[in-house]
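Okay, so here's the structure we're looking at.
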Amino acid sequence: MGPEPGAEPEFHPYHHPAAGWGAAKSVTRFMAREGALMDGPRAIMKMNHENTGFDCPGCAWPDDTKGLHLDICENGIKHVTWEMTRKRVDREFFAAHSVTELSGWSDYDLENEGRLTEPMVYDPDTDHYVPISWKEAFDLVGRTLRALDSPHRAAYYTSGRLGNEATFLYQLMARELGTNNLPDCSNMCHEASGRALQAALGTGKGTVDLKDWETTDALFIMGVNVASNAPRMLTALSEAYHRGAKIVHINPLVEAGATRAIIPHDFKDMATFHSTPTSTLNLQPRIGGDMALVRGMAKAILEQSASDPKALDQEFIDRHTAGFDEYRALCEATPWDEIEKQSGVGRDDILEAARVYREADRSIVSWCLGVTQHEHGVDTVREIVNLLLLRGNLGREGAGPSPVRGHSNVQGNRTCGIDHRPGTEFLDRLAKVCKIEPPREHGLDTVRTIEAMHRGEVKVFVGMGGNFALAAPDTPHTYAALRACELTVQVSTKLNRSHIVHGRQALILPCLGRTEKDHQRKGVQSTSVEDSMSMVHLSVGMKRPASPHLLSEPAIVAGMARAALPGSETPWEWYIEDYDRIRDTMAQALDGFEDFNRRVRLPLGFRIKQPARELVFLTPSGRAEFSAAALPDVVPAPGMLALGTMRSHDQWNTTIYSDNDRYRGIKNLRTLVFMNEDDMRERGIAKLDPVDITSTAGDGSRRHLDGYLAVPYDIPRGCAAGYMPEMNVLCALGDYSTQSDQPIMKHVKVTITPAA
């Protein structure tokens, strides 16, 4: 299943249903490769089971509410099997391979070596990582942090999979040290969603839950490849289709999950090879054209309201919203030809989507990074809210906004305090409960952390999970920034690029995986996570840790904190004995976590209260706010293309399982670019021809990738797409949204020419 050196690249258009037997075969081969044919099936029976199993460390799709025993997916099983591998990266491995040698390895090969087994420290004299005790490692962190002339010389990055308890301790440590430098992966994915929803509704989250998905009349799925990024959503789409709901997919690429699927836990369909449609309409806007398409739908609804008073929910608008008249005037003033030009979708198709929306009593709009990773991402999400408000699709069953978070517990990280722009109310409560004086000034996000490291202003980087070196934009610039640090600390389960691209001093601190038992003084511990729909539930590991020398993430945070804050009155060690103690403190410090320990043990856990769901809007006006932003110009200049980066199917974030992408018909190839066939002909490019790609940043600087292979694909003219992290090289660090501060990874301006 891994990359095959020398294997010929292949492309054959995919015409089969998503999931089904293709997923089953892929999972079986993967488990066999990782030696998990025994542990894998056991894990499948424990994953996503309420309060007795572990939460999938993959996506943040909610767990089934009706007792489904196989609430799993292909990518989730791969993610868990990848963690449970029998392969080990121990001291003998590091003694045999220098960092210079490892820097020449592929990212697949690094992670494929297996689980890290003990703490390691970089030895510059030998260019090798060597063993270090946990005490010595914590002392090095503490000594370095205490020696800084300002707490703002350190930054504390968080990956999405960190559990809520470790998250709370991590932000507490940073703030007790005196900084809000808490960059996280949200800064690169859904920051735009949070800011838009906060401005429009007074909450940074979606308002719907899984029961709403089960009762809605119409689903609009925007900017997400369901079959790869949130595969368990396929069950919801299949069930929606069977009950007669309309399903509209809006995405530049028509992905496999937007056509048909065979749900693996539906044994009858599997046995008969019977597939279910997962859409009733597919629209393909140009990259960045989503906002114009939604504006067109709103314009159509407003035009229809002149003759059909039921087209609008005027009572809802009058009672619960502000800014409607201004928005209506804006829609009326936006000409249809501009909407068609910017969206790349014809008027008739937009009117059809509007008809589906108007005829549905209850509608949900769901979206992912295809909507957010643009300069105008905040405006686009607010336009989605505008559309929902027009028909009162808020505060009632089966209706509302539903962002799809791409990583388990990334939403919980923000809820539990990972925020470089914390609110006054949160800080006041934290100060009172934890008896610290948290800093009040805003800290650094991901982009500004990289800039500050590059300038030498941030000298210590702590990465709690993830693979920062590859996840961030402008790869060479990010590498240089990390190497400029005095100390980099990576808390990880497996070897990755961020261990090879490091500071002058570097630590690898190996932690328990989500699948493993966490033994502490008071017994086996559980941790909690929050899904995309604000449900909080427990996760309990099932298997023996990969090494006796691993520590849990809360224990690692507490060890670093005690070393850096030797006089701290925070009971770090006491917290680690029993995570219920952490949750008791969280119950006092976090809004919505009252009676945490009891409620999290209820069947399915509990849902954090959503005021906007109850039509309580924590906005300046006390109402839901319409926005009135002008449409951006997203049409590429002559000769240019708009390129979006994305994952392959056989990949999870920066982890690459193979060089295949089954749902797009790709085998043995990652260095590719998907293009419209007319764009290829215009440039004299044939199928699988090598091409050179040049991006032009806002400051005029250019970045290059040479020798990529062109793949003809069903994508609008003027658009192209390819895989991250390889294409992150093309994304300039300075090209980030002025609205959300997110790197603009879905709208890179490029030229593509036959290879020189």
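For Asn393 against Arg362, the heavy-atom pair with the smallest separation is OD1-CA, 3.5 Å.
Applying the ring pair (Phe, Tyr, Trp, His ring centres under 6.0 Å) test to Trp134 and every residue at least two apart in sequence or in another chain returns Phe138. Evaluation of the side chain to side chain donor-acceptor pair (under 3.5 Å) rule for Asn597 yields Arg583, Asp584, Arg601 as partners, not counting sequence neighbours. Partners of His420 according to the ring pair (Phe, Tyr, Trp, His ring centres under 6.0 Å) rule, which considers only residues two or more places apart in sequence or in another chain, do not exist here. Remark: Ser534 engages Gln411, Gln610 in a side chain to side chain donor-acceptor pair (under 3.5 Å) (not counting sequence neighbours). Phe468 is linked by a ring pair (Phe, Tyr, Trp, His ring centres under 6.0 Å) to Tyr157, Phe461, counting only residues two or more places apart in sequence or in another chain. Here Asn180 pairs with Arg175, Pro422, Pro439 under the side chain to side chain contact (heavy atoms under 4.5 Å, CB included) rule; sequence neighbours left out. With sequence neighbours excluded, the residues that form a side chain to side chain contact (heavy atoms under 4.5 Å, CB included) with Thr278 are Leu234, Leu237, Ala261. Partners of Thr117 under the side chain to side chain contact (heavy atoms under 4.5 Å, CB included) rule, at least two apart in sequence or in another chain, are Arg88, Asp90, Ser547. Scanning for side chain to side chain donor-acceptor pair (under 3.5 Å) contacts around Glu573 gives Arg562, with sequence neighbours left out. In this view, Ala612 and Leu201, Thr203, Thr207, Phe617 satisfy the side chain to side chain contact (heavy atoms under 4.5 Å, CB included) rule, not counting sequence neighbours.
Panel note: side chain Thr446, backbone Pro183; no donor-acceptor pair is recorded below 3.5 Å.
Annotation: ring pair (Phe, Tyr, Trp, His ring centres under 6.0 Å) contacts involving residues 195-216, sequence neighbours excluded, comprise Trp61-Trp213. Note on residues 191-202: pairs passing side chain to side chain donor-acceptor pair (under 3.5 Å), not counting sequence neighbours, are Asn187-Glu191, His190-Ser193, Glu191-Arg195, Glu191-Arg414, Ser193-Trp367, Arg195-Asp741.
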